[in-house]
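Here's the structure, in structure tokens; my notes come after.
Keep in mind that the numbers below use all heavy atoms, side chains included, and drop hydrogens, waters and symmetry copies. Since this is a predicted model, take the numbers as computed values, not measurements.
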Amino acid sequence: NAGVTQTPKFQVLKTGQSMTLQCAQDMNHEYMSWYRQDPGMGLRLIHYSVGAGITDQGEVPNGYNVSRSTTEDFPLRLLSAAPSQTSVYFCASRRVDTQPQHFGDGTRLSIL
Amino acid sequence: EDKVVQSPLSLVVHEGDTVTLNCSYEVTNFRSLLWYKQEKKAPTFLFMLTSSGIEKKSGRLSSILDKKELFSILNITATQTGDSAVYLCAVERGFGNEKLTFGTGTRLTIIP
């Protein structure tokens with residue numbers, strides 16, 4: 001019973017590099033979302049999706065892209081990493097119109 | 001803009017003490033308030049509250065919502081070292097825009 005799986009767990013990038021954070025869930029949840037967590041800022045919503053082929057912006061979307069080609073997967077792309085994107089990233093999923101969200105274990109990302 | 005404020009920011013108590021964590025909020029079209037516990041990794045769900053004045057209870061933890069005064073409290077009685085964590089409060093707005101807004105959290109430390 002995997003739940004929400006995020007990879008990698010840790011990553012160090014140089015400014016300007018690109019990378020994709022992976023998120024997969026096996027609970028057949030329609031709703032998936034990405035958050036970033038910074039000290040003193042709480043969890044802030046980056047992007048979310050209510051189903052395959054549908055995505056929308058959250059509170060802090062700039063510098064990030066997402067796509068949702070399947071129900072199970074919701075990758076987050078950094079096209080040109082910046083030091084301000086150093087953070088812990090959490091993916092979460094739930095059924096549409098219900099709570100709570102179930103969170104993955106996070107990806108700790110450092111941009112040098 | 002939706003807003004969630006938690007207090008205190010941090011709290012240090014001795015094992016066996018009782019603690020009360022606070023969460024006040026301002027949100028358009030309130031739907032629910034959720035409490036999560038975050039240790040080293042993923043936030044884990046504790047309670048969801050939708051109705052005023054109805055206490056939710058799980059073992060030594062309990063929570064109540066006041067929709068008139070726009071706040072919730074989380075109580076932990078007979079604290080144990082395993083209760084040490086960051087406690088997050090989040091508020092969900094409804095009516096087709098079901099996003100969660102998180103507070104910055106309360107860091108609780110239990111001293112043996």
Contact part of A:L43 toward chain B, heavy-atom cut-off under 4.5 Å: side chain, backbone, both or neither? both

State whether a side-chain donor-acceptor pair under 3.5 Å links B:D17 with B:T79. no

Region of B:Q6 that comes under 4.5 Å of a non-hydrogen atom in chain A: neither

A:Y48 and A:Y31 aromatic ring geometry - parallel, tilted or perpendicular at 30°/60° bounds: parallel

Residues B:I64, B:I73; criterion side-chain contact (heavy atoms from CB on, under 4.5 Å); working and verdict: CA-CA 6 Å; B:I64 197 160; B:I73 60 172; 3.6 Å; yes

Residue part contacting chain B, namely of A:Q101, when any heavy atom lies under 4.5 Å: both

Mind checking whether B:T106 and B:V19 have side chains closer than 4.5 Å, heavy atoms only? no

